[in-house]
There are 2 protein chains.
Amino acid sequence: MSSVDYVTSDAPKRLSRGEAKARTRELLLEAAASTFARKGFHGASVEAIAEAAGFSIGALYANFAGKEQLFLELLSSRASGQVLAAAEILHDDDVTAGDPADALGRFLVDLADKDTDFSLLQAEFWLYAARNPGVRDTLAERMREPRELLARLVEERRGEPEAPVPPSTVATVVLALFQGLVRQRRIDQGSVPPELFGQALRWLFAGLDEETRQRRDQS
Amino acid sequence: MSSVDYVTSDAPKRLSRGEAKARTRELLLEAAASTFARKGFHGASVEAIAEAAGFSIGALYANFAGKEQLFLELLSSRASGQVLAAAEILHDDDVTAGDPADALGRFLVDLADKDTDFSLLQAEFWLYAARNPGVRDTLAERMREPRELLARLVEERRGEPEAPVPPSTVATVVLALFQGLVRQRRIDQGSVPPELFGQALRWLFAGLDEETRQRRDQS
DNA sequence: GTCTATAAAGCGATAGAC
DNA sequence: GTCTATCGCTTTATAGAC
């Protein structure tokens, strides 16, 4: 801009060499997420990724060992995003002031409808993990902690301490239900109305409560 | 057909020209299903598919317009397999003699654990459809009928005629739940025990019954 | 109808200039 | 640290022999 402060190393706009490289890395990761989502792992070329980030192929190879490592880095850092988003909404008391099931349902429909790359990338991650035992175990390990987080929050909200299955198993069912509904909605919007997410969750919890009561009365 | 009959057009072993070509087509489709499942749409080469079928690339192009048409033919003919399998098991009175939920759950876990290509190909179909609007609408259309079939069978089994949502919507939730559980089980077997399929289905139906009763009592 | 051989294009990855 | 140019390999699809 001006001639006076144009060197100013501590100005917020000017980036140091390390910062510049970190920013390039981040832009490449962002572009990779979008490109992998739209074209798939094999369908996305490193040229397309670099181009989407506004860099050349050389810049990509200066920051990542190759296409596979770039993909795996994405998988490790973003695969549990859906679970964390769900946990976040359950944790927010203001949003879940009404029915937590409705709030969670509405939030996830919004997320899935708005960020269309999300579920595509998620499916790409799943396929890659299902085909590569090593990555599969890594993904399983990485999903464990956020699932436990969701389990604790669901447990809190339900307030029933003696369910017939462990809390993490309930969380598994909730996640499976949501992932399945999001995927079906993507193919046929009309067959999966937005309210269905909260509705199905209420059915699930009502049935779980009933079984919990029955087991308590038996003993 | 022949002058004497020594070509025996109705003998089981000798294949007519048309039959031979039909057999080649079928073998190629089978090999394509397996290869697409293991490598993905872009990852699977036509050479690998032809080789898996025991033919050359030329034979493949003599039977299909190309890789994409081969994939789309598979998608049209096999995408609704999961729904039909579920419907079939619900229709079989002998198998569902006990709890239909348990029977359905056990059957689908067996199917998913045994035919490992099934869910991979299903995911590959979903991704392709989600990325191509034309194919997406085709898939949505093709899923409608089997879903209605499942809906009718679930309705029969439940015997509750006045659910708060249409029967096809209940079928949608059931399918979403199963697909989600199958996928999670594929990544982390330990987190999705086989009994969970039937258990979750029972919770769902119990909650649905409860809401049905409440609505009836209100009016 | 199926084969082999090959054309034309695209890919991941590397080398060297700046 | 990023760019341009290019290598070597694989891909889809076609042509011609049989």
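Owing to the predicted nature of the structure, the values given are computational and were not obtained by experimental measurement. Numbers restart at 1 for each chain; the letters A, B, ... are given by sequence-line order, proteins then strands.
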DNA chain D: B:Gly58 or B:Lys67, which has the more 5' nearest nucleotide?
B:Lys67
Taking the six-membered ring of B:Phe205, is the NZ or CZ of B:Arg158 close enough (under 6.0 Å from the centre) and on axis enough (within 45°)?
yes
Residues of residues 28-56 of chain B with a heavy atom under 4.0 Å from any atom of DNA chain C, listed by number, are B:Phe55, B:Ser56
Going by atom type alone, with no hydrogens or angles, which donor-acceptor pairs under 3.5 Å involve a side-chain atom of residues 132-146 of chain A and a protein atom two or more places apart or on another chain?
| residue | atom | partner | partner atom | Å |
| --- | --- | --- | --- | --- |
| A:Thr138 | OG1 | A:Gly134 | O | 3.0 |
| A:Glu141 | OE1 | A:Arg144 | NH1 | 3.3 |
| A:Arg144 | NH2 | B:Asp188 | OD2 | 2.8 |

For the side chain of B:Lys67 and the backbone of B:Ala44, is there at least one donor-acceptor N/O pair under 3.5 Å apart?
yes
Check: A:Thr169 side chain, A:Val165 main-chain N or O, donor-acceptor pair, under 3.5 Å
no
Would you list the pairs meeting ring pair (Phe, Tyr, Trp, His ring centres under 6.0 Å) in which at least one residue belongs to residues 131-156 of chain B, sequence neighbours left out?
none
Going by atom type alone, with no hydrogens or angles, which donor-acceptor pairs under 3.5 Å involve a side-chain atom of residues 170-185 of chain B and a protein atom two or more places apart or on another chain?
| residue | atom | partner | partner atom | Å |
| --- | --- | --- | --- | --- |
| B:Thr172 | OG1 | B:Ser168 | O | 3.0 |
| B:Gln179 | NE2 | B:Gln82 | OE1 | 3.3 |
| B:Gln184 | NE2 | A:Thr172 | O | 3.2 |
| B:Arg185 | NE | B:Asp113 | OD1 | 3.2 |
| B:Arg185 | NE | B:Asp113 | OD2 | 3.3 |
| B:Arg185 | NH1 | B:Val192 | O | 2.7 |
| B:Arg185 | NH2 | B:Asp113 | OD2 | 2.7 |

With a 4.0 Å cut-off on N to O distance, would you call A:Asp117 and A:Arg38 a salt bridge?
no
Extract, from 5' to 3' on DNA chain D, the first and final nucleotides lying under 4.0 angstrom from some heavy atom of chain A.
D:dT2 to D:dT4
Checking B:Phe71 now: which residues fulfil ring pair (Phe, Tyr, Trp, His ring centres under 6.0 Å) with it, not counting sequence neighbours?
B:Phe36, B:Phe41, B:Phe125, B:Tyr128
